[in-house]
Colleague: 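Just passing along the structure, written as structure tokens.
Just so you know, these numbers come straight off a predicted model, no measurement behind them.
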Amino acid sequence: MKAALPLTLALPLALLSLTGCASTIAPPAPAAVTGTVVWRERLMLPPTTKVIVRLQDVSLADAPAKVLAEDVIEGVRAPPAAFKLAYDPASIVANHRYSVSARVEVDGQLRFINDTHIAVINDGPTSGVEVLIKGVGR
């Protein structure tokens with residue numbers, strides 16, 4: 001028959017064996033909204049073109065939208081333009097409305113913009129989002 005360990009030895013050994021079981025809580029991995037920006041006009045844009053896509057909290061009606069993420073894609077000459085908007089999931093509020101907006105600038109001048117609300121996260125998808133933009137008057 002085995003002899004039992006004295007309590008003074010058994011407790012420290014038990015605690016040492018449990019330290020390997022402890023786990024650290026990792027911060028949540030960044031989430032992302034992904035998709036493409038498209039426009040119907042058939043034209044080749046110059047190499048100085050910038051496509052600017054933003055993820056915004058549009059919950060407050062009488063306040064500017066809060067930008068949570070932005071992706072600037074340079075040198076896009078023809079559609080589609082793929083985007084990825086990484087955001088912190090901890091910043092998402094369950095009853096808020098989130099939207100993606102896009103614009104195309106050539107040499108700092110606005111050429112295309114979306115004119116509709118594109119719901120994402122709480123009210124819509126987070127992948128495969130398509131943003132249709134329209135030309136602006138010159």
Side-chain angles (χ1 to χ4, degrees):
M1 190 167 171
K2 280 179 132 179
L5 286 175
L7 188 56
T8 56
L9 282 177
L11 187 57
L13 287 175
L15 290 175
L16 280 175
S17 67
L18 289 177
T19 57
C21 297
S23 64
T24 57
I25 298 174
V33 174
T34 59
T36 54
V37 177
V38 295
W39 54 94
R40 291 190 178 135
E41 289 78 359
R42 293 184 177 264
L43 58 100
M44 186 69 71
L45 296 172
T48 56
T49 301
K50 287 184 184 179
V51 178
I52 303 162
V53 188
R54 292 185 178 123
L55 171 62
Q56 301 173 321
D57 182 341
V58 294
S59 302
L60 301 175
D62 294 337
K66 178 182 175 188
V67 177
L68 288 119
E70 181 176 273
D71 190 6
V72 178
I73 308 131
E74 298 191 28
V76 176
R77 302 194 66 198
F83 66 85
K84 181 177 182 179
L85 300 164
Y87 64 92
D88 178 8
S91 67
I92 301 302
V93 180
N95 62 346
H96 281 207
R97 294 176 53 226
Y98 299 94
S99 178
V100 170
S101 66
R103 59 189 291 130
V104 172
E105 295 178 358
V106 176
D107 298 321
Q109 299 293 314
L110 180 64
R111 293 286 300 270
F112 296 92
I113 195 164
N114 71 301
D115 61 357
T116 59
H117 173 75
I118 301 166
V120 293
I121 304 174
N122 292 340
D123 300 326
T126 57
S127 63
V129 177
E130 184 177 273
V131 182
L132 177 63
I133 56 176
K134 297 181 180 180
V136 297
R138 296 180 122 206

Colleague: Show me, pair by pair, the donor-acceptor contacts under 3.5 angstrom made by side chains of residues 44-52, not counting sequence neighbours?
Modeller:
| residue | atom | partner | partner atom | Å |
| --- | --- | --- | --- | --- |
| Thr48 | OG1 | Asp107 | OD1 | 2.9 |
| Thr49 | OG1 | Pro46 | O | 2.6 |

Colleague: Which heavy atom in Ala82 sits nearest to a heavy atom in Ile73, and how many Å separate them?
Modeller: O-CD1, 3.5 Å

Colleague: In terms of hydrophobic clusters joined by side-chain contacts under 4.5 Å, are Val58 and Leu68 together?
Modeller: no

Colleague: Taking it one step at a time, do Leu132 and Arg40 satisfy side-chain contact (heavy atoms from CB on, under 4.5 Å)?
Modeller: CA-CA 8 Å; Leu132 177 63; Arg40 291 190 178 135; 3.7 Å; yes

Colleague: How close do Ala94 and Asn122 get, counting heavy atoms only, and between which atoms?
Modeller: O-ND2, 3.1 Å

Colleague: In the structure I gave you, are the side-chain heavy atoms of Ile133 and Asn114 within less than 4.5 Å of one another anywhere?
Modeller: yes

Colleague: Could you measure the distance from the OG atom of Ser99 to the CG atom of Asp123? Nearest 0.5 Å is fine.
Modeller: 10.0 Å

Colleague: If hydrophobic clusters are built by linking Ile, Leu, Val, Met, Phe, Trp and Tyr wherever their side-chain heavy atoms come under 4.5 Å apart, do Leu60 and Val100 end up in the same one?
Modeller: no

Colleague: To the closest 0.5 Å, what do you measure between CD1 (Ile92) and OG1 (Thr126)?
Modeller: 10.5 Å

Colleague: Answer whether the closest heavy-atom distance between the side chains of Val120 and Leu85 falls below 4.5 Å.
Modeller: no

Colleague: Can you tell me how far the CD atom of Glu70 sits from the OG atom of Ser101, to the nearest 0.5 Å?
Modeller: 9.0 Å

Colleague: To the nearest 0.5 Å, how far apart are CZ in Arg54 and NZ in Lys66?
Modeller: 15.0 Å

Colleague: Tell me which pairs pass ring pair (Phe, Tyr, Trp, His ring centres under 6.0 Å) where either residue lies in residues 37-68, with sequence neighbours left out.
Modeller: Trp39-Phe112

Colleague: Asp71 side chain to Val53 main-chain N or O, any donor-acceptor pair under 3.5 Å?
Modeller: no

Colleague: Taking all non-hydrogen atoms of both residues, which atom of Arg97 and which atom of Ser59 are closest, and how far apart?
Modeller: N-OG, 2.8 Å

Colleague: Please identify which of these residues, Leu55, Val129, Thr34, meets the side-chain contact (heavy atoms from CB on, under 4.5 Å) condition with Phe83.
Modeller: Val129

Colleague: Within the 4.5 Å heavy-atom criterion, are Tyr98 and Val33 side-chain neighbours or not?
Modeller: no

Colleague: Is there a path of hydrophobic side-chain contacts, each under 4.5 Å between heavy atoms, that joins Val37 and Val76?
Modeller: yes

Colleague: Rounded to the nearest 0.5 Å, how far apart are CD of Gln56 and NE2 of His96?
Modeller: 14.5 Å

